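Source: prediction; values computed, not measured.
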Amino acid sequence: MNAPDRFELFLLGDGETKVSMEQDTRQPNAAIFTFNKEDHTLGNLLRATLIHNEHVIFSAYKVPHPLFPKFELRIQTDEETTPKEALLAACQSLIGDLQMLSQKLTREWELNKIARDTS
């Protein structure tokens, strides 16, 4: 088959980095982050989280080609923070949200299991 092996869609190869940053010279306080071996799932989560940051002026992502697992995230911020700081804050916020979701799901699973065992 011509399709790549499935592990090539998420495992980084030798010399590959997960995220790279390039300053966007067309706008002040703007940068383009390229995420390798990721897709719309993470791109849209980061974009949506960044929009809630009061210092972020613009946030958008694009997938350059649908056959290659990477996306580019463009962030523009005001003078108060840098795009990198905004991205790190968004990642920390997402981690907290996902931990809370995991706790709630675990709690509901345990309560459901108790309810099934007692009936």
Side-chain angles (χ1 to χ4, degrees):
M1 294 287 204
N2 289 335
D5 292 327
R6 290 185 188 265
F7 67 86
E8 290 180 5
L9 296 175
F10 57 88
L11 291 179
L12 292 173
D14 293 336
E16 276 187 310
T17 58
K18 191 66 164 178
V19 181
S20 61
M21 180 181 136
E22 176 186 337
Q23 292 289 18
D24 188 355
T25 56
R26 296 174 292 170
Q27 298 288 328
N29 284 346
I32 298 171
F33 297 89
T34 302
F35 288 77
N36 290 315
K37 308 294 182 173
E38 294 294 344
D39 61 7
H40 289 283
T41 306
L42 183 61
N44 197 35
L45 275 171
L46 287 172
R47 180 205 55 81
T49 304
L50 282 162
I51 290 298
H52 294 295
N53 186 330
E54 63 186 16
H55 299 294
V56 173
I57 297 169
F58 179 82
S59 174
Y61 79 97
K62 71 175 182 176
V63 176
H65 194 281
L67 294 180
F68 301 112
K70 82 177 194 181
F71 70 89
E72 297 172 358
L73 178 68
R74 185 174 178 277
I75 305 170
Q76 182 180 8
T77 60
D78 59 13
E79 299 293 326
E80 300 271 330
T81 188
T82 65
K84 184 176 181 179
E85 291 169 347
L87 179 60
L88 289 173
C91 289
Q92 290 170 345
S93 175
L94 278 175
I95 289 170
D97 291 347
L98 292 172
Q99 286 174 339
M100 188 179 353
L101 177 64
S102 175
Q103 290 170 355
K104 287 181 179 181
L105 286 173
T106 302
R107 181 174 176 263
E108 289 299 320
W109 177 263
E110 293 298 324
L111 289 173
N112 189 6
K113 199 160 71 168
I114 290 170
R116 280 184 298 176
D117 290 345
T118 58
S119 47

Trainee: State the NZ-CG distance between Lys37 and Leu42, to the nearest 0.5 angstrom.
Mentor: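 The NZ atom of Lys37 sits 15.0 Å away from the CG atom of Leu42.
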Trainee: With a 4.5 Å cut-off on side-chain heavy atoms, are Leu73 and Ile32 touching?
Mentor: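 Answer no - side chains too far apart.
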Trainee: So, taking the atom named CD1 in Ile75 and the one named CG in Leu50, what distance separates them when rounded to the nearest 0.5 Å?
Mentor: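 The CD1 atom of Ile75 sits 4.5 Å away from the CG atom of Leu50.
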Trainee: Any pair with a residue in residues 101-111 that passes salt bridge (charged side-chain N to carboxylate O under 4.0 Å, His left out), sequence neighbours left out, goes on the list, sorted by first then second residue, please.
Mentor: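 Output for this query lists Glu110-Lys113.
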Trainee: List for me each residue that meets side chain to side chain contact (heavy atoms under 4.5 Å, CB included) alongside Asn36, sequence neighbours excluded, and say none if there are none.
Mentor: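 With neighbours one apart ignored, the set is Leu12, Thr17, Thr34, Lys70.
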Trainee: Tell me if the CD atom of Glu79 is crowded by more than 12 foreign heavy atoms within 6.0 Å.
Mentor: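 Counting other residues, nucleotides and ligands, CD of Glu79 stays at 12 neighbours or fewer.
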Trainee: Are any side-chain N or O atoms of Thr49 and backbone N or O atoms of Leu45, one a donor and one an acceptor, separated by less than 3.5 Å?
Mentor: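 It does hold such a pair.
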Trainee: With sequence neighbours excluded, what pairs up with Thr106 under the side chain to side chain donor-acceptor pair (under 3.5 Å) test?
Mentor: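 Thr106 satisfies side chain to side chain donor-acceptor pair (under 3.5 Å) with no other residue.
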Trainee: Applying salt bridge (charged side-chain N to carboxylate O under 4.0 Å, His left out), which residue pairs with at least one partner in residues 41-52 are found, sequence neighbours left out?
Mentor: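 Sorted pair list comes back empty.
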Trainee: Side-chain heavy atoms under 4.5 Å apart, restricted to Ile/Leu/Val/Met/Phe/Trp/Tyr: what other residues fall into the cluster of Trp109, or is it alone?
Mentor: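 Under the 4.5 Å side-chain rule, Trp109 groups with nothing.
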Trainee: Stepwise, does the side-chain contact (heavy atoms from CB on, under 4.5 Å) test hold for Asn112 with Ile114?
Mentor: CA-CA 5 Å; Asn112 189 6; Ile114 290 170; over 6 Å; no
Trainee: Does anything in residues 15-35 pair up under ring-ring contact (aromatic ring centres under 6.0 Å, His included), and if so which pairs, sequence neighbours excluded?
Mentor: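 Listed once each, the pairs are Phe35-Phe71.
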Trainee: In residues 51-68, what donor-acceptor pairs under 3.5 Å come from side-chain atoms, sequence neighbours left out?
Mentor:
unit_1: Asn53; atom_1: OD1; unit_2: His55; atom_2: N; d: 2.9
unit_1: His55; atom_1: ND1; unit_2: Asp78; atom_2: OD1; d: 3.4
unit_1: His55; atom_1: ND1; unit_2: Asp78; atom_2: OD2; d: 3.1
unit_1: Tyr61; atom_1: OH; unit_2: His40; atom_2: ND1; d: 2.9
unit_1: His65; atom_1: ND1; unit_2: Leu67; atom_2: N; d: 3.1

Trainee: Asp24: which residues meet the side chain to side chain donor-acceptor pair (under 3.5 Å) condition with it, sequence neighbours left out?
Mentor: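 If we apply the side chain to side chain donor-acceptor pair (under 3.5 Å) test to Asp24, skipping adjacent residues, the hits are Arg26, Arg74.
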Trainee: Mind checking side chain to side chain donor-acceptor pair (under 3.5 Å) for Thr81 and listing every partner two or more places apart, or none if nothing turns up?
Mentor: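 For Thr81 the side chain to side chain donor-acceptor pair (under 3.5 Å) partners, ignoring immediate neighbours, are Glu85.
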Trainee: Who passes side chain to side chain contact (heavy atoms under 4.5 Å, CB included) against Pro28, sequence neighbours left out?
Mentor: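 For Pro28 the side chain to side chain contact (heavy atoms under 4.5 Å, CB included) partners, ignoring immediate neighbours, are Gln76.
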Trainee: Taking all atoms of both residues into account, what is the closest heavy-atom pair of Ala31 and Gln23, and its distance?
Mentor: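 Heavy atoms of Ala31 and Gln23 come nearest at CB-OE1, 3.9 Å.
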Trainee: Roughly how far, to the nearest 0.5 Å, is the CG atom of Asn29 from the OG1 atom of Thr77?
Mentor: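 One gets 4.0 Å once the value is rounded to the nearest 0.5 Å.
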Trainee: Once rounded to the nearest 0.5 Å, what's the spacing between atom CE of Met100 and atom CD1 of Ile95?
Mentor: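 The CE atom of Met100 sits 13.0 Å away from the CD1 atom of Ile95.
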Trainee: Which residues pass the side chain to side chain contact (heavy atoms under 4.5 Å, CB included) test with Thr25, sequence neighbours left out?
Mentor: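 With neighbours one apart ignored, the set is empty.
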Trainee: Give me the other members of the hydrophobic cluster that Leu111 sits in, counting Ile, Leu, Val, Met, Phe, Trp and Tyr linked by side-chain heavy atoms under 4.5 Å, directly or via other members.
Mentor: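 Via sub-4.5 Å side-chain contacts, Leu111 links to none.
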